Number of protein chains: 4
Amino acid sequence: MGSSTTQDRKSAKREAIIQAAAAVFAERGFAGATVAGIAASADVGKGTVYEYFDSKEDIFLAVFELLMGQLAEDLATQHPGGSAVEQLRVFSEAFVAWINHTSEAYSLTLEFWAAAGTSPMRDRLMAAFRQGYLQYREFIADILHQGQEHGEIRPGVDVEAVATALVGMWDALGLQAWMFTDLDVESVNRGFLDAMLTGLIPQA
Amino acid sequence: MGSSTTQDRKSAKREAIIQAAAAVFAERGFAGATVAGIAASADVGKGTVYEYFDSKEDIFLAVFELLMGQLAEDLATQHPGGSAVEQLRVFSEAFVAWINHTSEAYSLTLEFWAAAGTSPMRDRLMAAFRQGYLQYREFIADILHQGQEHGEIRPGVDVEAVATALVGMWDALGLQAWMFTDLDVESVNRGFLDAMLTGLIPQA
Amino acid sequence: MGSSTTQDRKSAKREAIIQAAAAVFAERGFAGATVAGIAASADVGKGTVYEYFDSKEDIFLAVFELLMGQLAEDLATQHPGGSAVEQLRVFSEAFVAWINHTSEAYSLTLEFWAAAGTSPMRDRLMAAFRQGYLQYREFIADILHQGQEHGEIRPGVDVEAVATALVGMWDALGLQAWMFTDLDVESVNRGFLDAMLTGLIPQA
Amino acid sequence: MGSSTTQDRKSAKREAIIQAAAAVFAERGFAGATVAGIAASADVGKGTVYEYFDSKEDIFLAVFELLMGQLAEDLATQHPGGSAVEQLRVFSEAFVAWINHTSEAYSLTLEFWAAAGTSPMRDRLMAAFRQGYLQYREFIADILHQGQEHGEIRPGVDVEAVATALVGMWDALGLQAWMFTDLDVESVNRGFLDAMLTGLIPQA
DNA sequence: AATGAATGAGACTTCATTCAT
DNA sequence: CATGAATGAAGTCTCATTCAT
């Protein structure tokens, strides 16, 4: 033990290619990226890339999985304890942190979305996106439901609708963070959450 | 009057090509679409396309402008009268109507976003998107501000943050409508608006 | 009489197209020129060009004939009287005048030469060039022969060789005039003629 | 030693493509030649050509440089010793040798001249031609000047004019050799040189 | 395992030519 | 007669992928 196995070396190089590819795809898009460019960026030969991946699409999907995994990991580290409101804050802040960390390479995400719409990979990407969205929507809905049970959230609230809207809203924040680099996403998130919790209109 | 002029015929054919191109781009994406395919789809010769457009990118941008124009038009037909809350409902419903009307070809929108990130057209597209977002954000913020002045909206609300979040949320609804074809966007919008207006947490 | 006939108008327009084409071919070469460009330059519709010419090559050949005709005309106006030496001077000066008049558009001549080498028109052009060269060579040879008969030219001179070399030399002066716009072709011609008549080496 | 390196193989293939291209350009001209044809003629794939050259123009320029290099090489092998007259003979014979060796592919030279006039490569070609002409003109002028200093050449001779005319004349011999395949260039050159040295007109 | 030279499918684009008006 | 919209053949160039070393 301690000595790096062949397996290790293999996956290490594979990882390096994925990292390099992520940068290239973010910079040029899927269509604009070339396998030669990825290979050069990863400092390996063009042929070597094909030792680890079957095709350009294959690389793209690997990058996609890496990104999705990072997001899931980031969110998973959050301890879900506390009140519903507390959990909403914690979750949204974790997401915002991810946004801030990712926004520079957000074009990569857009590439994935576009590919989910039109490329031959659409099925696999679309399935992943759907699953991700459903998962987070459900996660938020659970929090809200629990909040309703505990009397923290008003009973009249359409939990499903709110969860759906919220998940989309947070996702869209990533887009806006990328578009408007000076946007203070954290502040927007906080300001919005506060307003939504208390309500826009004055109570009687 | 009534006789079709040369000008008419020219712009009519141009329009036909744009329509055909929109369908092809939506189906295959920018990179996947071929000019030959667009020409065939518009039922004209390959060379004819180049009588009306300088390049494939040019066609793409024309389609983009068509879509943006349609959206702006749809929203512009809304009479802005009534209370702030009323206006939010009206605006959001117009937007939701556009979503329902466009969701099938939403992949086209995703193509535009992706192109805004990486293609050589990025500057033009990005500028248009930024401007669009800003415009709608400001529009919503205006409504909220007026609401505050009239006492309809609570004074403590961070209007800018809410407007930013709302615009993103509505945009993201389009994405979800496309992803989940059975999603009732109208209902989500209404449920969310109601909850946000009154607030998630019970008042004292 | 005096009223322009249909025939006149036709050939006038044809002439205009040839003139315009000459400029365009000189500017862009045969391959680089477009029929559309020629039409625009002649201020007629693209289709009109095809009323007067069967093809782009046809236009090119018409321009060629125009240029050749001009040269022949210029040289024909020279009265061939006088001694052999006198005639050489007169002829060469006429040629030099043509060079000075044409050098700006010399690239057109180069286009013809190139076309004589490789284009489908090669046979027609080559034949014309050959005939032209032969004609002038013979013309010069005649002068020299007569000079020999009259004792003006040394009997030992290889008249055919000298005529061949001279014709080529004058032709090449055109090329150099075009390449080096500040070259004083007239002076070169005179200086060379003088030297050649008397001889480069000192006489015993 | 004796083992071919990668470098060798690369430049060997590059050379092969240039050779093939020279033949194709000579046969069809620049515009008429196709990269596919060149590739086929070089017995490599179409894409391979682009591994060695950036564009069709690039190939053309490489062929040009090859030809120019061959000429310079041929002339450089001449030992410049002897009297001025002797040197003129030697130089002109070397040039004539090159003509005889090249005349079959002279259309290639015409292509270069035409390209120097109108193609996008005009600047590079024109510069090379100008430099070549100047170089040879100066070379001849030097010989003549030295001849004058040594009393071999008459003092009254306009050396610059004669040098300019001679260089053009030799160049034009190449053209005539190509046009009239049965022309005995060597004989023409000798006959002309003899006549010019002694002078056309009888001495007193 | 690693490489990069070789390849050819395929796409954009140009433009000579036709023909209906 | 004049026109210019329409066309498709043809050509350059890119690049994912293969495979011999």
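No hydrogens, no waters, no symmetry mates; every other heavy atom, side chains included, goes into these values. The sequence lines fix the lettering, A, B, ..., with proteins before strands; numbering per chain opens at 1. All values reported here derive from a predicted model rather than from experimental measurement.
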ask   = With sequence neighbours excluded, what pairs up with B:Tyr50 under the ring pair (Phe, Tyr, Trp, His ring centres under 6.0 Å) test?
value = none

Test ring pair (Phe, Tyr, Trp, His ring centres under 6.0 Å) applied to B:Phe129 - qualifying residues, sequence neighbours left out = B:Phe64, B:Trp113

Euclidean distance, [Y] [atom2] relative to [X] [atom1], rounded to 0.5 Å:
| X | Y | atom1 | atom2 | value |
| --- | --- | --- | --- | --- |
| A:Glu111 | A:Leu125 | CD | CG | 11.0 Å |
| B:Lys56 | B:Ile38 | NZ | CD1 | 7.0 Å |
| A:Thr102 | A:Leu108 | OG1 | CG | 9.5 Å |

Expressed in angstrom and rounded to an integer, what is the separation of [X] atom [atom1] from [N] atom [atom2]?
| X | N | atom1 | atom2 | answer |
| --- | --- | --- | --- | --- |
| C:Lys56 | E:dT14 | NZ | P | 15 Å |
| B:Phe53 | E:dT14 | CZ | C1' | 18 Å |
| B:Asp54 | E:dT13 | CG | C1' | 11 Å |
| D:Tyr50 | F:dG11 | OH | P | 12 Å |
| B:Asp43 | F:dA5 | CG | P | 19 Å |
| D:Arg28 | F:dT12 | CZ | P | 12 Å |
| A:Arg14 | E:dA1 | CZ | C1' | 16 Å |
| C:Ile59 | E:dT17 | CD1 | P | 8 Å |

inquiry  = Can you give me the dot-bracket string for DNA chain F, 5' to 3', counting Watson-Crick and G-U wobble pairs with both distances under 3.5 Å, using [ ] for crossing pairs and | for partners on another strand?
reply    = .||||||||||||||||||||

Choose from [options] the nucleotide whose nearest atom is closest to any side-chain atom of [X].
| X | options | value |
| --- | --- | --- |
| A:Lys13 | E:dA2, E:dA11, E:dT17 | E:dA2 |
| A:Glu51 | F:dT17, E:dT3, E:dA16 | E:dT3 |
| D:Thr48 | E:dA6, E:dT3, E:dT13 | E:dA6 |

request  = Over all heavy atoms of both residues, which pair between C:Val63 and C:Phe25 is shortest? Give the atoms and the distance, please.
outcome  = CG2-CD1, 4.2 Å

note = Scanning both residues in full, the closest heavy-atom pair of A:Glu27 with B:Arg122 reads O-NH2, 3.7 Å

inquiry  = If the cut-off is 4.0 Å, is D:Tyr52 near the phosphate of E:dA5, judged by side-chain N/O to OP1 or OP2?
reply    = no

note = Judged by nearest nucleotide, the residue sitting upstream toward the 5' end of DNA chain F, C:Val49 or D:Phe30, is C:Val49

request  = Could you tell me if the ring centre of C:Phe112 sits under 6.0 Å from that of C:Phe60?
outcome  = yes

remark   = By nearest-nucleotide position on DNA chain E, the 5'-leaning member of D:Val44 and C:Ser55 is D:Val44

May I ask you to say what [X] touches in the nucleic acid, namely base, sugar-phosphate or nothing, with a heavy-atom cut-off under 4.0 Å?
| X | result |
| --- | --- |
| A:Gly47 | base |
| D:Ala33 | sugar-phosphate |
| D:Ala39 | nothing |
| A:Ala31 | nothing |

query = What about D:Lys46: does its side chain form a donor-acceptor pair under 3.5 Å with the base of F:dG11?
reply = no

